[in-house]
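Here the structure comes first, spelled out in structure tokens, and everything after it is commentary.
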Amino acid sequence: MEAVTNEAPNFDFETKVVAIAIAPGEAYCLSKENLKYLKDALAGEAVKVGHQLKASLLALRKEGFDCGGPLFDTQVAHYLIEPEASHELSILANQYLGTQLIESYDPVKNVCERADAALQIKKHLTRELESRNQTNLMTAVEMPLIRVLAEMEFEGVTIDTGKLGDMSDELKKDSQRLQGEIFEMAGMEFNIASPKQLGEVLFDKMRLLDKAKKTKTGQYATGEDILTKLAGEHEIAKKILDFREDEKLRSTYVDVLPRMISRFDGRVHTDYRQAVAATGRLSSNNPNLQNIPIRTGKGKRIREAFVARDKEHLILSADYSQIELRLAAVFAKDATMLEAFKNGRDIHTTTASKVFKVDIKEVTSDMRRKAKEVNFGILYGSTAFGLAQNIGISKTEAAEIIEAYFKEFSTIKKYMDDSINFAREHEYVETLLGRRRYLRDIHSRNQTTRGFAERNAINAPIQGSAADIIKLAMLNIQQWVKQEKLKSKMIMQVHDELVFDVHKEEADLFKEHVPWLMKTAVQLDVTLDAEVAVAENWFGAHG
DNA sequence: TGTGTCACG
DNA sequence: ACGTACGTGACACAT
Ligand SMILES: [Mg+2]
């Protein structure tokens, strides 16, 4: 089946027609006026097959129709089979059926063609999934998750536009002032937002650096890392950084989010993509709700504009603590790390104590900061160079730290080697639930290309298993909410965090039960931990 | 359309 | 000698 909508922005689309394929080569198309004749068939237990079913479920839901029965999404199925390939229906039809999708000017013919193709492709995808042992991942995780995501998207998020409106005025004023100051210091006017012009002003005209770093296209690099190093000596660099921050926040969030509010219900509705991220994570777009600022003072005010739907509700956020490092400890069976997590110790302080060979009590904040970067670097397969760049130390010092790390955490080193060797043997790596990432570049003779594949071999099982786990938690939480007929709604997922619009009467219950369901989503050699907080807005709902 | 940059986990 | 820590999406600019 497939529902077609118009292309209205935000959540303001309207359903046009729905096509139903019932046997190979036999499909019917109904206008929205006639959908009522499909009501029972849609609600029934027959498996619903389609490409991008979430979009169809939402289109039908807006017309007041609910879909029952199991789901089979051909796009998501192919994503499990070959995550980084194109999952376009036309390509799948060509690959599995040996046919070209007929592109007609008649939207009715097109949608019937697509519904028919999806129905026919299903058996091929089912066979492929079975051969990879991914049937359970498909039927027990990804397919039920479609309904959960559809419900979250349908529910939407409330934005305090008044707050953002105030910020927009302030940001405009601030960046206007900064622009004037930058022109003054540069002795000329130019477009600060043009990296090309900016680089020429800073490094040709003002000669702030003898050997300015260039990008791969030969322009001067003017990224945050470079400007931060200049900022101590040159006031203009600091001003440019401030200007950039203001413009980023204004142009990406403050001025955009209010325009994304739906006329339908006054809320913002993201679109979670379930077949994009190579590791198994979700992504979020239109708008992206997974990169809402939090790290800076101005950023935090944007997050404060994410509020509960009314006076009867609050925002609750629950997030996993160090889930990726816990998974690394589990995969490596690292006794030191497992012990630290078991005893609820601070993992970065523990790492610092081992790497810098001091007592836990002797760990300084600088040692902890460095150890934290080392722990992240490990998850990403970092080299000494990368670590040095990232914490602003010499490559020699970074190499020493890494050497000390692998001496203390030799099982982590072994995990990394094992993972790379697994990839060399199978040309893929896999997660806890059997999700794969193919790494055919692992045999590349180009060391840069091969290096990427090796780092992916280390990182993908960790990042992907964390994605598996939060998906399981989401399924369990939604099931619980439904079973208990609760009023509160899950409204966002941000990789290791779940956000809820909770009814005040249910706040304590959710505070108790949501973290519990997150921690118990899987049983591992380490306990998972989740923190939870409730507030009037999203920023407040963080520890 | 590609590039550089930067917001998040 | 070269490139160099994972995964995303969105914006402005330049072509
Ligand atoms: Mg966390």
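Note on naming: letters A, B, ... go to the chains in the order of the sequence lines (proteins, then strands), and numbering restarts at 1 for each one. Everything numeric in this text was worked out from a predicted model, so none of it was measured.
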Open item on the list: Taking C:dA5 as the reference, what is the distance to B:dT1 when you measure between their P atoms (whole Å, please)?
Closed with: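 One P to the other, the span is 30 Å.
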
Task: C:dC2 and B:dT5, which share atom name C1', separated by this distance in whole Å - done: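 Pairwise C1' distance, B:dT5 against C:dC2, rounds to 23 Å.
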
Task: For A:E324, all residues meeting salt bridge (charged side-chain N to carboxylate O under 4.0 Å, His left out), sequence neighbours excluded - done: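 For A:E324, the residues satisfying salt bridge (charged side-chain N to carboxylate O under 4.0 Å, His left out) (neighbours in sequence not counted) are A:R281.
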
Task: By salt bridge (charged side-chain N to carboxylate O under 4.0 Å, His left out) - contacts of A:R273 (at least two apart) - done: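 Salt bridge (charged side-chain N to carboxylate O under 4.0 Å, His left out) list for A:R273, sorted by chain: empty.
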
Open item on the list: One thing to verify: whether A:R132 and A:E430 come together as a salt bridge, which I'm taking to mean a side-chain N less than 4.0 angstrom from a carboxylate O.
Closed with: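 Looking at A:R132 together with A:E430, the answer is no, because their closest N to O distance does not fall below 4.0 Å.
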
Task: Charged N-O contact under 4.0 Å between A:R440 and A:E82 - done: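 Yes, this pair counts.
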
Quick one: label [X] by what it contacts on the DNA or RNA (base, sugar-phosphate, nothing), any heavy atom closer than 4.0 Å.
X	value
A:A221	sugar-phosphate
A:I294	sugar-phosphate
A:F452	sugar-phosphate
A:Q197	sugar-phosphate
A:N390	base

Open item on the list: Would the distance check show the side chain of A:S283 and the main-chain N or O of A:A277 forming a donor-acceptor pair, the cut-off being under 3.5 Å?
Closed with: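 Looks like no, no N/O pair under 3.5 Å.
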
TODO: For DNA chain C, list all stems, counting runs of three or more consecutive pairs where every pair is Watson-Crick or G-U wobble with both distances under 3.5 Å.
DONE: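 Runs of three or more consecutive pairs: B:1-9 with C:6-14.
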
